[in-house]
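Just so it is clear, the structure is predicted and the values come from calculations on it, not from any experiment. Letters go in sequence order (proteins before strands), and every chain restarts at 1. Because only heavy atoms are used, hydrogens play no part in the values below, and waters and symmetry mates are left out as well, while side chains stay in.
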2 protein chains.
Amino acid sequence: MAALCKALAHPARVKLLNYLADYGTCYFGKLTDILPLAPSTISQHVTVLKDAGLILGSDDNTRTCYCVNVERLEELKELIAAL
Amino acid sequence: MAALCKALAHPARVKLLNYLADYGTCYFGKLTDILPLAPSTISQHVTVLKDAGLILGSDDNTRTCYCVNVERLEELKELIAAL
DNA sequence: TCGGTCATTCGTAATTCGACGAATAAAGAA
DNA sequence: TTCTTTATTCGTCGAATTACGAATGACCGA
C-alpha cells in the first residue's frame, strides 16, 4: 500500500497514469509531449510506475508501448477504499 | 492527489492512519506504542499526515488527541476511485 | 554505409526524506 | 518548589528522490 502510494507521490507520475488511463495505450514519445520534462527524467518516472506494477510496457520493435495494468490499479483502489 | 498519496507513501504513516481509522481517536502516547520508532520520528510522521489534512489533532490540556479527518479521507478515496 | 530517431542508462548535482538524540515547553504530582 | 510526564522542535546525518545532459544501443531510411 505504501509502495503503491509512493509511486503516485509525484505529480508527473499521476499525470502519466491519468493519461494512460484516458488514452489506453501510447508510445513513450507521446509521454514526452505531455510533460515539460527531459526524456530521461520521464523514463525514470515511467520506471517507477512500472516497478510498482501500475503500468506495463511492451517492446513493439523499436518503440515501447505503455498501458495501465488494470488489475494492479484495482488493487490500489480496493486498498484505499478499505481505509 | 500526489500530495495525498505522498502522505501515505511511508509504511509508518499507513499504520498510523489505519490505527486511527480502527480506534477512532487516541493520544500521541498510544501511537508510540504502535510503532518501533523514536517519539520524535513519530511526531514527524504525524505532522506529515496533519499537513496533508488526513488527521486532526486537538490539544486536550497536556495531551494531544488525534483522529482521522473523515472528509479528507473521503476526498482521497474519490480521487483514487476516479482513476 | 552513414545518419537519424527512439528509449534507456549512466553520472552527477541539488534537494528532500527518515531517523535519532538532545533540548524545550507546559502541565501535574511529590 | 522540584521532579516527572508528555509532545514537539531543533540539529544532524546518511539515504533516497528528482532533475538534467551525455552516452549508448537498436532499428530504419537515404
- Between B/His45 and C/dC17, does any side-chain N or O lie under 4.0 Å from OP1 or OP2? no
- Query: Whole Å only: how far is the CD1 atom of B/Ile42 from the P atom of C/dA19?
  - Reply: 10 Å
- Item | Nearest-0.5 Å distance that lies between atom CG in A/Leu8 and atom CG in A/Leu16 | 10.5 Å
- Output for pair (B/Ile80 CD1, A/Leu73 CG), nearest 0.5 Å, gives 8.0 Å
Are any protein N/O atoms closer than 3.5 Å to N/O atoms in nucleotides 24-26 of chain D? If there are, list each pair with its distance.
none

- Results of ring pair (Phe, Tyr, Trp, His ring centres under 6.0 Å) for B/Tyr19 - residues two or more places apart only: B/Tyr23
- Query: Closer than 4.0 Å, any side-chain N/O of A/Tyr66 to the OP1 or OP2 of C/dC6?
  - Reply: no
- Item | A/Leu8 CG to D/dT18 P, straight-line distance once rounded to whole Å | 12 Å
- Could you go step by step and tell me if A/Leu79 and A/Cys5 meet the side chain to side chain contact (heavy atoms under 4.5 Å, CB included) rule? CA-CA 10 Å; A/Leu79 282 172; A/Cys5 282; over 6 Å; no
- Query: With sequence neighbours excluded, what pairs up with A/Ala2 under the side chain to side chain contact (heavy atoms under 4.5 Å, CB included) test?
  - Reply: B/Pro11, B/Val14
- Message: What residues from residues 13-41 of chain B pass a heavy-atom cutoff of under 4.0 Å to DNA chain C?
- Response: B/Arg13, B/Leu37, B/Ala38, B/Ser40, B/Thr41
- How would you list, by chain and number, every residue that makes a salt bridge (charged side-chain N to carboxylate O under 4.0 Å, His left out) with A/Glu78, sequence neighbours excluded? none
- Quick one: do B/Tyr66 and A/Leu83 end up in the same hydrophobic cluster if we chain Ile, Leu, Val, Met, Phe, Trp and Tyr together by side-chain heavy atoms under 4.5 Å apart? yes
- d(CZ, B/Arg63; P, D/dA7) in whole Å: 6 Å
- Distance test, side-chain N/O of B/His10 to OP1/OP2 of C/dA19, below 4.0 Å: yes
- Message: Using OP1 and OP2 only, check whether a side-chain N or O of A/Lys6 sits under 4.0 Å from D/dT17.
- Response: yes
- Query: Taking five pairs at each end, how big is the angle between the two axes of the helix from C/dT1-D/dA30 to C/dA30-D/dT1, to 10°?
  - Reply: 0°
- Please name all residues satisfying salt bridge (charged side-chain N to carboxylate O under 4.0 Å, His left out) with A/Lys77, sequence neighbours left out, ordered by chain then number. A/Glu74
- Task: Go through the structure and list residues passing side-chain hydrogen bond (donor to acceptor under 3.5 Å, both in side chains) with B/Glu75, not counting sequence neighbours.
- Result: B/Arg72
- Qualifying residues under side chain to side chain contact (heavy atoms under 4.5 Å, CB included), relative to A/Leu56, sequence neighbours excluded: A/Cys67, A/Asn69
Counting only pairs under 3.5 Å, give me each side-chain donor-acceptor contact of residues 33-51 of chain B, with atom names and distances, residues two or more places apart or in other chains.
unit_1, atom_1, unit_2, atom_2, d
B/His45, ND1, B/Arg13, NH1, 3.0
B/Thr47, OG1, B/Ser43, O, 2.8

